[in-house]
Every structure is written in structure tokens, then in C-alpha cells.
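Here the structure is a predicted model, which is why all the values come from computation and not from measurement. In the text below, chain A, chain B and the rest are named by the order of the sequence lines, each starting its count at 1.
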Amino acid sequence: MERGVVDLSSLSGGFDLQATVESGQSYLWDRTDGRMYENRDGGAYGGTAWYWTTVRTDDGTPAVVRVRQTDGRLEWESTVDATDRLRHRLRLDDDLGAIEAATPDRPLLGRAFDAYRGMRLVRDPSFASLVSFICSAQMRVGRIHGMQQALREAFGEPVTFDGGTYHAYPTPESLATATEADLREVGLGYRAPYVKRSAELVADGELDPDDATGRPYEEAREFLTGFVGVGQKVADCVLLFSLGYLEAVPLDTWIRTTIEEYYPDCERGSYEETSRAIRETFGGEYAGYAQTYVFHYLRSGGE
DNA sequence: TAGATACCTTATAG
DNA sequence: ACTATAAGGTATC
């Protein structure tokens, strides 16, 4: 067992672990106390709960990383050195202060940033992010998370850690090998064939979500719709929560409602044009940050 | 090309 | 208890 501490006190804009991993952008973290999503407004840092996920080591085998936030520190336990991986996965190097400063003073945005100060975007592994958001169609966040847990337990490689058994996120190969019936068995419903066929595309080397990286934003979004079960909204989620396109604004039901109520002039009829308008309203470069704050704020009962 | 509809499953509202 | 509704949409016609 290795242990480490990441100092958070010097981070611009601070950090809020609970808000970051329980805000519906990542479905790859679990609370060890099993109380995920229970107290959204929750006390400071979710009562310093422990969370765990898995990371890929250099030789390709998965390792468990367990973390908790206490005051200005992020403590971790793992079998590998997790400091750099956590900085990367939790975007601890983002200059949140500058990002908020660059966000326009528009209705709702200030309150949303205030409510979850320190919440950061995540950088999830691309395949897991892709499958998570294929599963997200017409689902509540608690059940999306439950689906990912079920997928891990049914198809993920077991990892022993600190006397317990955990499961890594399934590989493309394992989900491509699963039958549609297998995937329906774990509660995916009509998303089952989407997940299987998209996993096959990756496993067969026909399409790789990482190949979206480097393309101009709208082209990258179009590229990702080549997967099955991936429309523009899901593509935007993968771009924002995995591939680092911070300007991506997924137009989900919450944001559409927000546009109706607060930014009606941004409603342009098509996804593409409405997306352009709301991204501009949210400040362009970091518009996805604003979207994520608004989403979490409203969904958590902010107003 | 734009518009309507089916789709798994379950938590929640009434 | 029971039914209707909606949930971070997409594929298909």
C-alpha cells in the first residue's frame, strides 16, 4: 500500500471532491460508504467520504486508487503512485479562478459557481466515458452510475486491493464479446445493442474515440457520432468530460430548459446553431465549465 | 432535410 | 396499491 497527499491549498479556485465526482459528469467513482448522490448539497466535502476508481498502470493492469478530501488536502491510497494520475483525472491544474473570471456575468452563472466552488471538470478514460454517456439516454444520474457499477462487476477485470475485490471498467473487447442479452441483463435496456456495437468498433480497430482529439471542436463532435448510440449530445459529453474540449456544451434537457427560461434568444431550432449561441453566451473557451456548474446547480435543486 | 415515433427500465408523483 | 410520467437521447422511418 502506498499513500500520498496532494496539497490543494495552492490550487487556483480550490477543489471540491464530492461536487466533482457526484455531479453527473463522471460515473467512474464510487463512495466506499455507498451513499453516492444522497446529500447533494451535503456538508463540507461529503463528510470526508472515501471514493475509489481504477487506473491503468504502465503494464496495462488496473489498480485501485482510493481518495478523500480533508481540509486543504487530497489523501490517496493505492498500489501505485497516484499523485500525477489524480492531477490529470481531476484536472487539478486547471486555473479555476481564471476560468470563472473569464465566464461572462450572465444570469444564473454566478450563483451556480458560488454554490459549488471548487468543482472541477473530470478527464475520464475515453472508452468508459463513451459507454457511460451512451447509457445516459433517458436516465437519471443515479441509475447511470448503477449501470456502470453493474458493467464493472459483470465484465470488468477483478482487482484485489486492501483485502477487498474491486473491478476495473470493462475493456472494449469484453463488452464487444458480451451478448446483447448479457447487457440487457445488467439493466441497459435498449442501450444494450448501442454499447455492444460501439465496443465492437473500438475492439476491431475501426474507430477510436481518442482519434477525435486534435480536431476542431465541431469536427470532433461529428467524428464521435460515428459510434452507435452517440448523437450530438452524447458526443459533447465525451468531448467535455474526457477529451478536454472545455468549450463543449452538451444540450441536455436541463440546459434546454435553462435556455428557454434564461437565454431564449439562444434557441435557434437546431442543435448546431443553438450550441453555437449558448457557447458564445457562456464565454466560448470555457463554456463547458459554465454548463457543468449550471447543470449541477439546477439538478441539485438550486432554484 | 425536417418531423414523428419507438425504445428498456424504474423511481417518483398522483 | 395502481397507473402515468419522465429520466443528462438516438435510431429509424
Novice: Round to a whole Å and report the spacing from CD of A/Q148 to P of B/dT9.
Specialist: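 So the CD-P distance, A/Q148 to B/dT9, works out to 16 Å.
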Novice: Rounded to whole angstrom units, what separation is found between the CG atom of A/L130 and the P atom of C/dT10?
Specialist: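 Interatomic distance, CG of A/L130 to P of C/dT10: 12 Å.
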Novice: Using the test salt bridge (charged side-chain N to carboxylate O under 4.0 Å, His left out), find all partners of A/E219 that sit at least two apart in sequence or belong to another chain.
Specialist: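 For A/E219 the salt bridge (charged side-chain N to carboxylate O under 4.0 Å, His left out) partners, ignoring immediate neighbours, are A/R215.
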Novice: Would you jot down, in residue-number order, the residues of residues 247-265 of chain A having a non-hydrogen atom under 4.0 Å from DNA chain C?
Specialist: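 Within residues 247-265 of chain A, the residues near DNA chain C are A/P250, A/D252, A/T253, A/W254.
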Novice: In this structure, how many angstroms lie between the P atom of B/dT12 and the CZ atom of A/R143, rounded?
Specialist: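 Whole-Å distance recorded here is 11 Å.
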Novice: Is the A/Y27 ring parallel, tilted or perpendicular to the A/H145 ring (thresholds 30°, 60°)?
Specialist: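 A/Y27 and A/H145: tilted rings.
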Novice: Grab the CD-C1' distance between A/E273 and B/dA2 for me, whole Å please.
Specialist: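 That distance rounds to 15 Å.
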Novice: Has the side chain of A/Y27 got a donor or acceptor that lies under 3.5 Å from a partner of the other kind on the base of C/dG8?
Specialist: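 Side chain to base: pair found, below 3.5 Å.
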Novice: Are A/R279 and A/E218 close enough for a salt bridge, meaning some N to O gap below 4.0 Å?
Specialist: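 Here A/R279 pairs with A/E218 in a salt bridge, since their nearest N and O are under 4.0 Å apart.
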Novice: Is A/R31 reaching over with its side chain to a backbone N or O of A/W50, donor-acceptor style, under 3.5 angstrom?
Specialist: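 No; judged by distance alone, with no hydrogens or angles, the pair does not exist.
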Novice: Mind checking the P distance from C/dA11 to B/dT10? Whole angstroms is fine.
Specialist: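 The answer is 23 Å between these two P atoms.
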Novice: According to the Watson-Crick and G-U wobble definition with distances under 3.5 Å, which dot-bracket string, read 5' to 3', encodes DNA chain B, using [ ] for crossing pairs and | for pairs with another strand?
Specialist: ..|||||.||||||
Novice: Is A/K196 salt-bridged to A/D182, cutoff N-O under 4.0 Å?
Specialist: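 No salt bridge links A/K196 with A/D182.
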Novice: Closest to the A/R197 side chain: C/dT12, C/dA7, C/dT10?
Specialist: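 Of the options given, the side chain of A/R197 lies nearest C/dT12.
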Novice: With the threshold set at 4.0 Å, does a side-chain nitrogen-carboxylate oxygen contact exist between A/E272 and A/R276?
Specialist: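 Between A/R276 and A/E272 there is a salt bridge, with a charged N closer than 4.0 Å to a carboxylate O.
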Novice: If you define the side chain from C-beta out and look only at heavy atoms, does anything of A/E180 sit under 4.5 Å from A/Y194?
Specialist: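 No. Closest side-chain heavy atoms not under 4.5 Å.
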Novice: Determine, for A/R120 against A/D16, whether the closest basic-nitrogen to carboxylate-oxygen distance falls under 4.0 angstrom.
Specialist: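 Judged by the 4.0 Å cut-off on N to carboxylate O distance, A/R120 and A/D16 do not form a salt bridge.
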Novice: In whole angstrom, give me the gap between the C1' atoms of C/dA6 and B/dC7.
Specialist: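 Comparing C1' positions in C/dA6 and B/dC7 gives a spacing of 14 Å.
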Novice: Return the stacking result for C/dG8 and A/F133: yes when the ring centres lie under 5.5 Å apart and the planes under 30°, no otherwise.
Specialist: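 No; by the centre-distance and plane-angle rule, A/F133 does not count as stacking on C/dG8.
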Novice: Pick the closest DNA chain C nucleotide for A/F241 and for A/V228 by heavy atoms, then say which residue is nearer the 5' end.
Specialist: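 Counting from the 5' end, the first nearest nucleotide belongs to A/F241.
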Novice: Please work out if A/G24 contacts a base, only the sugar-phosphate, or nothing of the nucleic acid, heavy-atom cut-off 4.0 Å.
Specialist: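 Contact class for A/G24: base.
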Novice: Given atom CD1 of A/I134 and atom C1' of C/dA11, what is their separation to the nearest angstrom?
Specialist: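 Answer to the nearest Å: 13 Å.
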Novice: Quickly work out the A/M147 CE to B/dT10 C1' distance and round it to whole Å.
Specialist: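 Taking CE of A/M147 and C1' of B/dT10, I get 9 Å after rounding.
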Novice: Please give, in whole Å, the distance from C/dT10 P to A/E222 CD?
Specialist: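 Roughly 12 Å, once rounded to whole Å.
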Novice: What does A/S132 touch in the nucleic acid at a heavy-atom separation under 4.0 angstrom: a base, only the sugar-phosphate, or nothing?
Specialist: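 If one applies the 4.0 Å heavy-atom cut-off, A/S132 turns out to touch nothing in the nucleic acid.
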Novice: Could you tell me how far B/dA6 sits from C/dT5 if I compare only their P atoms? Round to whole Å.
Specialist: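 One P to the other, the span is 15 Å.
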Novice: Taking atom P of C/dT10 as reference, at what distance in whole Å does atom OH of A/Y190 sit?
Specialist: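 Going from OH in A/Y190 over to P in C/dT10 covers 9 Å.
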Novice: Within a reach of under 6.0 Å around CG of A/D265, are more than 12 heavy atoms found that belong to other residues, nucleotides or ligands?
Specialist: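 Enclosed.
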Novice: State whether the distance check finds a donor on one side and an acceptor on the other, under 3.5 Å, for side chain A/Y271 versus base C/dG9.
Specialist: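 It does not, because no donor-acceptor pair links the side chain of A/Y271 to the base of C/dG9 below 3.5 Å.
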Novice: Taking the same atom, C1', in C/dT10 and in B/dA2, what whole-Å distance lies between them?
Specialist: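 Comparing C1' positions in C/dT10 and B/dA2 gives a spacing of 16 Å.
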Novice: Compare all side-chain heavy atoms of A/L108 with those of A/E261 and state whether any distance is below 4.5 angstrom.
Specialist: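 No - every pair of side-chain heavy atoms lies 4.5 Å or more apart.
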Novice: Look at all strands and tell whether A/R191 reaches a base, only sugar-phosphate, or nothing, counting heavy atoms closer than 4.0 Å.
Specialist: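 A/R191: base contact, heavy atoms under 4.0 Å.
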